Number of protein chains: 2
Amino acid sequence: MLDRFEKFLNERGLRLTTQRQLVVRTFLDQEEHLSAEELYLLVKKKAPEIGYTTVYRTLKLLAEADLAHARNFQDGFARFEPAHYMGHHDHLICRKCGSITEFTNEHIEVMQEKVAREHGFKITDHTLDIYGVCRECR
Amino acid sequence: MLDRFEKFLNERGLRLTTQRQLVVRTFLDQEEHLSAEELYLLVKKKAPEIGYTTVYRTLKLLAEADLAHARNFQDGFARFEPAHYMGHHDHLICRKCGSITEFTNEHIEVMQEKVAREHGFKITDHTLDIYGVCRECR
DNA sequence: TCAGAAAATGAAAATCATTTTCATTTGTTC
DNA sequence: GAACAAATGAAAATGATTTTCATTTTCTGA
Ligand SMILES: [Mn+2]
Ligand SMILES: [Mn+2]
Ligand SMILES: [Zn+2]
Ligand SMILES: [Zn+2]
């Protein structure tokens with residue numbers, strides 16, 4: 001993935017710096033839904049001199065490159081995940097422990113298309129977030 | 001709806017003041033997805049001395065009373081809608097003009113239950129937001 | 001009717017995630 | 001190596017929302 005990011009940066013006359021590499025590597029290592037702060041803390045362990053700002057900036061670039069997606073569950077800040085991870089999917093979010101489970105359901109996707117068609121609406125993307133209590137917390 | 005709000009307030013030893021009445025009335029009049037600021041501006045027309053804070057506080061109370069729902073589309077602030085309005089529904093959001101269209105699809109709801117069941121997940125609520133381009137903007 | 005207590009109000013300050021600014025450092029080009 | 005572009009990190013700014021606080025309003029019970 002780093003190579004794709006480098007390509008994206010080059011196309012824009014930007015550079016793949018040591019800091020950016022570190023941020024991206026750390027991000028990709030944790031196939032999770034990390035907030036900027038969580039990622040910052042992880043990166044900081046390896047390179048304490050890194051700035052908060054650089055993490056934010058790198059995440060923004062990744063999102064622009066479409067290599068990361070920003071998600072907004074209901075905890076007041078954005079969470080990011082690698083775009084390649086599992087392809088498109090939706091989420092089950094536990095209100096007790098905060099765990100996030102991913103799922104895909106072709107049936108739902110098809111029905112969404114149908115709904116959109118009926119409204120003359122052209123879909124670009126969507127978010128289906130199901131909140132509740134996970135198996136472990138019940 | 002005002003009566004239900006009053007009941008809720010009374011149960012908590014709170015009061016249905018003139019300001020709260022005005023905010024709630026204005027809110028209910030506009031069966032739309034209003035942001036706090038939009039509502040504030042509408043209320044201000046009728047009562048210029050009203051404070052921003054009161055609008056926020058009233059919306060929060062309405063949400064706690066489950067008479068309003070806060071929605072978070074992707075414009076950086078919360079939008080509210082009366083809870084009774086049309087019952088549960090999901091949204092089609094136009095990325096060009098910002099228009100919001102509501103829909104319900106029983107099939108999708110059922111499939112969500114199925115997905116949840118398969119994961120041992122107990123649903124409390126969910127949000128399905130479909131983004132794209134509306135009929136008028138295509 | 002009045003005093004005291006509780007709740008509400010609005011302005012201003014605080015909060016918190018995120019973005020911007022800016023002085024300095026690093027990398028690239030010629 | 002000089003000149004220029006881009007990147008960095010710290011600190012300040014931003015913007016939506018919440019909190020604080022002094023003041024006002026409302027309610028309760030002599
Ligand atoms: Mn995911
Ligand atoms: Mn709606
Ligand atoms: Zn859980
Ligand atoms: Zn539109």
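Order of the sequence lines fixes the chain letters, A, B, ..., with proteins taken first and strands second; residue numbering starts at 1 for each chain. Only a predicted model underlies this, so the values are computations on that prediction, with no experimental measurement involved.
Between the C1' atom of C:dT26 and the CD atom of A:Gln21 lies a distance of 15 Å, rounded to the nearest Å. Put simply, CZ on A:Arg12 is 19 Å from P on C:dT28, counting in whole angstrom units. The distance from atom CG of B:Asn10 to atom C1' of D:dT26 is 13 Å, rounded to the nearest whole Å. Between B:Leu9 atom CG and D:dT25 atom P there is a gap of 20 Å when expressed in whole angstrom units. A straight line from CD of A:Gln19 to P of C:dG27 spans 9 Å, rounded to a whole angstrom. Between B:Tyr52 atom OH and D:dT17 atom P there is a gap of 7 Å when expressed in whole angstrom units. D:dT24 atom C1' lies 11 Å from atom CZ of B:Arg15, rounded to whole Å. Between B:Leu59 atom CG and D:dA16 atom P there is a gap of 15 Å when expressed in whole angstrom units.
Comparing A:Gly51 and B:Glu37, the nucleotide of DNA chain D nearest to each residue sits closer to the 5' end for A:Gly51. Residues A:Ala78 and B:Thr18 each lie close to DNA chain C; by heavy-atom proximity, the contact nearer the 5' end of the strand is made by B:Thr18.
A sub-4.0 Å separation between OP1 or OP2 of D:dT8 and a side-chain N or O of A:Arg20 is present. Side-chain nitrogen and oxygen atoms of A:Thr17 include none within less than 4.0 Å of the OP1 or OP2 phosphate oxygen of C:dT26. Considering only side-chain N and O atoms, A:Thr53 lies nowhere under 4.0 angstrom from the phosphate OP1 or OP2 of D:dG9. Contact between the side-chain N/O atoms of B:Tyr56 and the OP1/OP2 oxygens of D:dT18 is not found at any separation under 4.0 Å.
Of the listed residues (B:Glu37, B:Lys44, B:Glu38), just one forms a side-chain hydrogen bond (donor to acceptor under 3.5 Å, both in side chains) with B:Tyr40, and that residue is B:Lys44.
Closest to the A:Leu14 side chain, of the nucleotides D:dA7, C:dA7, C:dT9, is D:dA7. Distances were taken from every side-chain heavy atom of A:Glu49 (C-beta onward) to each of D:dG9, D:dA5, C:dT19; the shortest belongs to D:dG9. Of the candidate nucleotides C:dA11, D:dT17, D:dA6, C:dA11 has the atom lying nearest to any side-chain atom of B:Arg57. When distances run from any side-chain atom of B:Phe77 to the nucleotides C:dA17, D:dA16, D:dG9, the shortest one goes to D:dA16. Closest to the side chain of B:Ile50, from the set C:dG10, D:dT17, D:dT26, is C:dG10.
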Item checked: Criterion salt bridge (charged side-chain N to carboxylate O under 4.0 Å, His left out) on B:Arg4 and B:Asp66, from CA distance to verdict -> CA-CA 10 Å; B:Arg4 290 226 276 148; B:Asp66 209 46; over 6 Å; no
Next item on the list: Output, in order, the C-alpha distance, side-chain angles, deciding distance and verdict of side-chain contact (heavy atoms from CB on, under 4.5 Å) for B:Leu59 and B:Phe27.
Entry: CA-CA 9 Å; B:Leu59 282 172; B:Phe27 176 62; 4.3 Å; yes
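Atom-to-atom distance recorded for A:Leu42:CG and A:Gln30:CD is 5.0 Å, nearest 0.5 angstrom.
Aromatic rings of B:Phe80 and B:His69 (six-membered ring for Trp) have centroids beyond the 6.0 Å cut-off, not under it.
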